[in-house]
Each structure stands twice: as structure tokens, then as C-alpha cells.
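Down below is the structure, laid out as C-alpha cells.
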Amino acid sequence: EVQLQASGGGLAQAGGSLRLSCAASGFPFDDYAVGWFRQAPGQEREGVSCISSSEGTSYYSDSVKGRFTISSDNSKKMVYLQMNSLKPEDTAVYYCATDPTFGYSTSYYCNYYNMTYWGKGTQVTVSS
């Protein structure tokens, strides 16, 4: 059974940092793309950053490029999202999701409808 557990959310001030963690189990981690998504109240779920270990590629949305960094530790089946220079507009529930890689670009997996497996979210709140 595919399981994803996101953690690390919380309250930060604008300009501050948070690090999210996603613990994965139940699937061949090296053969899956993993992504971070977020959803603010009343808004569509947005792909923030995705990584494909097998392809060695990562993708960032324009809204977080240069501020967020995605990384993975395949030996621990963990994916991290380091979020720096946080802005109030980063406030959302953050989810990690995964899907088997089929050779598509990493940006493909950062469209939420292309991800099959989802974990529960973790709330990130950035105060101004």
C-alpha cells in the first residue's frame, strides 16, 4: 500500500523558513516521481515542486523558483522541501504526492491530476 506522510508545517513570519518532509513507503521509491502541492482556501491545488530520482530532474513553479528547494534521500525514502524567504501568499495546506515515472518531464507530474497517490496535508501559515 502506497503511503505518504507529510510533516514540518507550522507558522512562520514573512522572510522566514520552514522545511517540509514527506515519508514514503509501499512502493519502489526510485521508480516514482514525488511532488509537493499546495492548496489555499478557495483556490485550485497547485504543483509547487516535483522531483524524479530516476530521471535526476526537478521542477519548480514560477511562484517558488529561487526560494524553495526540493531534495530526496532515496535510502530513507524521504523527500524534503526547504522553503526560504516565505511570503504570506505561501500560506496553504501542503501535500506530497507520487506516481510511477513513465519518462515524462518532471513538470508533467507537477500537474496535480497526473498524480495518483496523495498523503494528508500539513498546514503552512506565513504571517506578514
Side-chain angles (χ1 to χ4, degrees):
E1 179 187 4
V2 175
Q3 292 190 341
L4 300 166
Q5 180 64 54
S7 61
L11 177 64
Q13 291 189 333
S17 299
L18 285 173
R19 188 195 195 206
L20 304 184
S21 299
C22 177
S25 63
F27 61 95
F29 188 80
D30 292 356
D31 297 332
Y32 279 56
V34 179
W36 286 99
F37 299 76
R38 67 186 181 187
Q39 189 165 22
Q43 297 189 19
E44 190 175 71
R45 192 165 294 190
E46 173 193 13
V48 174
S49 182
C50 294
I51 189 167
S52 171
S53 297
S54 61
E55 302 291 329
T57 56
S58 58
Y59 166 87
Y60 297 92
S61 68
D62 288 342
S63 59
V64 306
K65 199 173 295 182
R67 299 188 298 121
F68 292 9
T69 303
I70 193 169
S71 62
S72 67
D73 185 334
N74 289 20
S75 65
K76 295 181 179 179
K77 295 189 176 182
M78 296 288 296
V79 176
Y80 306 99
L81 187 69
Q82 179 66 44
M83 306 187 295
N84 298 329
S85 302
L86 283 164
K87 303 176 180 180
E89 50 263 44
D90 294 319
T91 296
V93 178
Y94 283 70
Y95 302 86
C96 58
T98 191
D99 205 70
T101 54
F102 293 108
Y104 296 118
S105 66
T106 314
S107 62
Y108 168 90
Y109 297 101
C110 259
N111 284 315
Y112 72 88
Y113 42 83
N114 289 329
M115 288 298 217
T116 303
Y117 304 100
W118 292 83
K120 294 182 180 179
T122 183
Q123 175 72 46
V124 170
T125 303
V126 183
S127 62
S128 58

Student check: side-chain heavy atoms of Tyr108 and Asp99 closer than 4.5 Å:
no
How close do Gly119 and Tyr95 get, heavy atom to heavy atom, and via which atoms?
O-CD2, 3.4 Å
State the OG1-CD distance between Thr122 and Gln5, to the nearest 0.5 angstrom.
8.5 Å
Between the main-chain N or O of Asp30 and the side-chain N or O of Asn74, is there a donor-acceptor pair closer than 3.5 Å?
no
For the residue pair Phe37 and Cys110, what are the closest heavy atoms and their distance?
CE2-O, 3.6 Å
Looking at Gly9 and Leu20, what are the two nearest heavy atoms and their distance?
N-CD2, 3.5 Å
Can you tell me how far apart OH (Tyr59) and CD1 (Ile70) are? Round to the nearest 0.5 Å.
12.0 Å
If two hydrophobic side chains count as joined below 4.5 Å and joins carry through other members, does Tyr60 share a cluster with Val34?
yes
Approximate separation, where rounding is to 0.5 Å, of Gln43 CD and Glu89 CD
10.5 Å
Is the backbone N or O of Lys76 less than 3.5 Å from a side-chain atom of Asp73, with the two atoms forming a donor-acceptor pair by type?
yes
Can any side-chain N or O of Thr106 pair as donor or acceptor with the backbone N or O of Ile51 at less than 3.5 Å?
no
Can you name the closest pair of heavy atoms from Ala6 and Cys96 and give their distance?
CB-SG, 4.1 Å
With rounding to the nearest 0.5 angstrom, report the OG to CZ distance, Ser17 to Arg67.
10.5 Å
Whichever hydrophobic residues join Met78 through chains of side-chain contacts under 4.5 Å:
Tyr80
For the side chain to side chain contact (heavy atoms under 4.5 Å, CB included) test, which of Tyr117, Tyr113, Trp118, Tyr112 pairs with Met115?
Trp118
Find out if a path of hydrophobic residues (ILVMFWY) with successive side-chain heavy-atom gaps under 4.5 Å connects Met83 to Val48.
yes
Please determine which of Thr91, Leu18, Thr125 meets the side chain to side chain contact (heavy atoms under 4.5 Å, CB included) test together with Leu11.
Thr125
Nearest 0.5 Å please: distance from the CD atom of Gln82 over to the CZ atom of Phe68.
9.5 Å
Give a yes or no on whether Gln123 atom CD has more than 12 heavy-atom contacts from other residues, nucleotides or ligands under 6.0 Å away.
yes
Please assess Phe27 against Leu4 for the test side-chain contact (heavy atoms from CB on, under 4.5 Å), listing each intermediate value before the final yes or no.
CA-CA 10 Å; Phe27 61 95; Leu4 300 166; 4.1 Å; yes
Shortest non-hydrogen contact between Ser53 and Ser72, atoms and distance
OG-OG, 3.4 Å
Minimum-distance pair of heavy atoms, taken over all atoms of Tyr94 and Ala92
CD1-O, 3.4 Å
Is the closest basic N to carboxylate O distance between Lys87 and Asp90 below 4.0 Å?
no
Within the distance-only criterion (no hydrogens, no angle test), does the side chain of Thr101 pair as donor or acceptor with the backbone N or O of Asp31 below 3.5 angstrom?
yes
Taking only residues two or more places apart in sequence, or in another chain, which ones meet Ser71 in a side-chain hydrogen bond (donor to acceptor under 3.5 Å, both in side chains)?
none
Rounding to 0.5 Å, atoms CD (Glu46) and CZ (Arg38) come to a distance of 4.5 Å
